[in-house]
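One structure is given below, encoded as structure tokens.
Given the structure is predicted, the values throughout are model-derived calculations rather than measurements.
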Amino acid sequence: MSVNGKTSGTGKAGTPVARSREREARWARGAGAMFLLLAAWAPLLCAQPSPGSLDTAQIEETRRLRQEISLLNLLNGLYLSPEQLGQLVPLAEKAAAIHQQYRQTYATESGDYARELSALRDGLYGATGATPEQKGPASARHHRLDSLLRQKMTDELLPLEEEARRVLNEAQLAIIQDFKPCLTPPKNLSDPVAVGQVNTTEREEAMLDIVRRMPPALYADQRARIAEAIVNQQEMMKGKLGADVRAATQATFGRRMDEARMLSDVEYALRKKDLARSFQVYDDKVVFRQGQRQTGPVAAWLLGADSAAILKRWRDARQADPVRTEVANASETDTRVRRAAQLDSASLAYGGAAWRMLQERGNRLAEAERREMGKVLQELKKLPTPAERVAAVDPIVARLNAVALTKGSVDAQQAKLAYLCLDRRVPNVSGARRADLPVLEDLTGLSARVVRARECSENGKFKEAHAALSAVAEHIGRFRN
């Protein structure tokens, strides 16, 4: 600080004033350097696009390409015939015209719509919020364009979607129902055999098959449990039913199961798919949103705004393909051979369990009896059928159980149970590990009994475990084959 041209004593080195001046000088030098640095970087900074200047047309083209690739992956997996394509392309062209008409109507009013939305937005920034004059026009146009007009377009597309569904077979509809957008096709779409085997009622048909063949006493015990489980599953997938509707639906399912059990094999074969569909609470082809009927995945993929152009180009590209031959489904003969091998293995496993029982308590039998049992078990493979082997092992196991009930007795009964499940075409309950399996995974309700029997065996209660497994085996053995 200067007074009459002289420096005040507070300005000496190390004083507060000197330190303050030194800081100011450093700041000035730093600011100057930063200014020079920014000046040097300015051209580079200005050359980088801001988020608002990105090429929206390029972004839209990328989205369109991804959509087109997904549709092509779907088309390549549907194995559409030329006849199907001949019917689908005109439907897609009609749908494209509907989409274009909707877009034109929307575009005509988009300028006014944008101004009304801007006025509403500006009002919301104000301290008192938007006025009725700002809310009314925007709300009215939103209802007309985004609700009424969109639903009108949907109503026009729905008949086209129904026609398209009639062109496609059940397997193709199931593929479209589950298809997700993708850049590379999922494995099931690259396998024409898998495509041919898709069945939208497969789960319901398998359930009905078990229900039809259940012995009467077991069915009476499980009937209400199964009907309730079907409703539970549908609610989990599609949403809750009202209490009264739920009870009525459950009762209806019970009656339909009764009906399926009373049909002859020929009648059931003819009506199987229709009966199976009747156990689907919700129709997957019907979609509602806020009480309004909506189009489904068939319209989304095959009747979109760009679908017609893609379908025609894909159809033209297929003209150069070699003649496609039909791909046969997995051979029924192969299935029978595999099942026969499983039955062979299960019957021999039962014989092996009996052999271990014989080794465990053979010294408590007369020599001649022990040798005769051993001979039968050693020559088991010579018997021509699994059923004959099981019939030969049964009396040996019964005799050895009369000598003593041990863990070996429980193991042998589980082995026979596994064979019976295969023989009677019932889901295998012998290896159940959970007592709380979902009902539709354990229609018979017997898995819980097997689990409890295993717990008894682990606690040394072999008599109780064997009795429980024998009761389960008796139920399985009474299934119609």
Side-chain angles (χ1 to χ4, degrees), residues 45-72 74 91-162 164 176-177 179-183 238-240 284-311:
L45 292 172
C46 293
Q48 301 300 315
S50 66
S53 66
L54 292 175
D55 188 349
T56 55
Q58 190 172 17
I59 293 173
E60 176 60 22
E61 176 65 8
T62 301
R63 183 205 64 77
R64 191 195 64 76
L65 285 170
R66 289 201 310 268
Q67 184 78 0
E68 184 172 355
I69 289 169
S70 291
L71 178 52
L72 289 171
L74 175 60
L91 292 175
E93 289 175 331
K94 291 179 182 178
I98 293 171
H99 283 284
Q100 181 61 24
Q101 183 181 9
Y102 168 78
R103 287 179 174 178
Q104 287 176 346
T105 303
Y106 201 99
T108 301
E109 298 192 39
S110 61
D112 292 335
Y113 194 14
R115 283 190 291 275
E116 290 162 356
L117 290 173
S118 296
L120 175 60
R121 176 204 60 195
D122 294 343
L124 293 172
Y125 274 114
T128 58
T131 64
E133 291 76 15
Q134 293 168 323
K135 294 177 184 178
S139 178
R141 200 178 299 269
H142 169 75
H143 179 65
R144 186 169 65 257
L145 293 183
D146 290 333
S147 296
L148 298 181
L149 183 61
R150 188 181 298 275
Q151 188 59 45
K152 182 176 182 295
M153 181 188 74
T154 298
D155 292 341
E156 292 179 23
L157 288 174
L158 281 169
L160 298 180
E161 184 175 37
E162 289 297 328
I176 295 173
Q177 184 70 34
F179 184 72
K180 300 293 187 296
C182 58
L183 295 184
K238 302 290 185 177
K240 290 290 184 182
D284 284 336
K285 74 178 182 180
V286 180
V287 181
F288 284 88
R289 186 179 300 114
Q290 295 179 344
Q292 295 289 334
R293 174 82 182 272
Q294 302 295 314
T295 51
V298 171
W301 287 109
L302 302 182
L303 303 177
D306 302 319
S307 298
I310 298 169
L311 273 168

Quiz prompt | Validation row: D155, L158 side chains within 4.5 angstrom (heavy atoms) | solution =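 SC-SC contact between D155 and L158 confirmed.
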Quiz item: Given side chains that start at C-beta, do those of E61 and R64 come closer than 4.5 Å, heavy atoms only?
Solution: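 They are in side-chain contact.
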Between the side chain of [X] and the main-chain N/O of [Y], is any donor-acceptor distance below 3.5 Å?
X    : Y    : answer
Q134 : T131 : yes
S307 : W301 : yes
H99  : D306 : no
E93  : A308 : no

Between [atom1] on residue [X] and [atom2] on residue [Y], distance to nearest 0.5 Å:
X    : Y    : atom1 : atom2 : answer
K135 : E116 : NZ    : CD    : 15.5 Å
I98  : K152 : CD1   : NZ    : 8.5 Å
I310 : L71  : CD1   : CG    : 5.0 Å
Y102 : E156 : OH    : CD    : 12.0 Å
Q104 : E109 : CD    : CD    : 13.0 Å
E161 : T154 : CD    : OG1   : 10.0 Å

Quiz item: What pairs with E60 under salt bridge (charged side-chain N to carboxylate O under 4.0 Å, His left out), at least two apart in sequence or on another chain?
Solution: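 Salt bridge (charged side-chain N to carboxylate O under 4.0 Å, His left out) list for E60, sorted by chain: R63.
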So which atom in [X] and which in [Y] form the shortest heavy-atom distance, rounded to 0.1 Å?
X    : Y    : result
L303 : A95  : O-CB, 3.4 Å
L302 : A92  : O-CB, 3.5 Å
A138 : L117 : CB-CD2, 4.2 Å
A305 : A96  : O-CB, 3.8 Å

Quiz item: Under 30°, 30 to 60°, or over 60°: which ring-plane class applies to Y113 and H142, parallel, tilted or perpendicular?
Solution: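 Tilted, since the angle between the ring planes falls between 30° and 60°.
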Quiz prompt | Worked verdict on L149 versus M153 for side chain to side chain contact (heavy atoms under 4.5 Å, CB included) | solution = CA-CA 6 Å; L149 183 61; M153 181 188 74; over 6 Å; no
Practice problem: Answer yes or no: are there more than 12 heavy-atom neighbours, outside R144 itself, under 6.0 Å from its atom CZ? | Solution: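 Counting other residues, nucleotides and ligands, CZ of R144 exceeds 12 neighbours.
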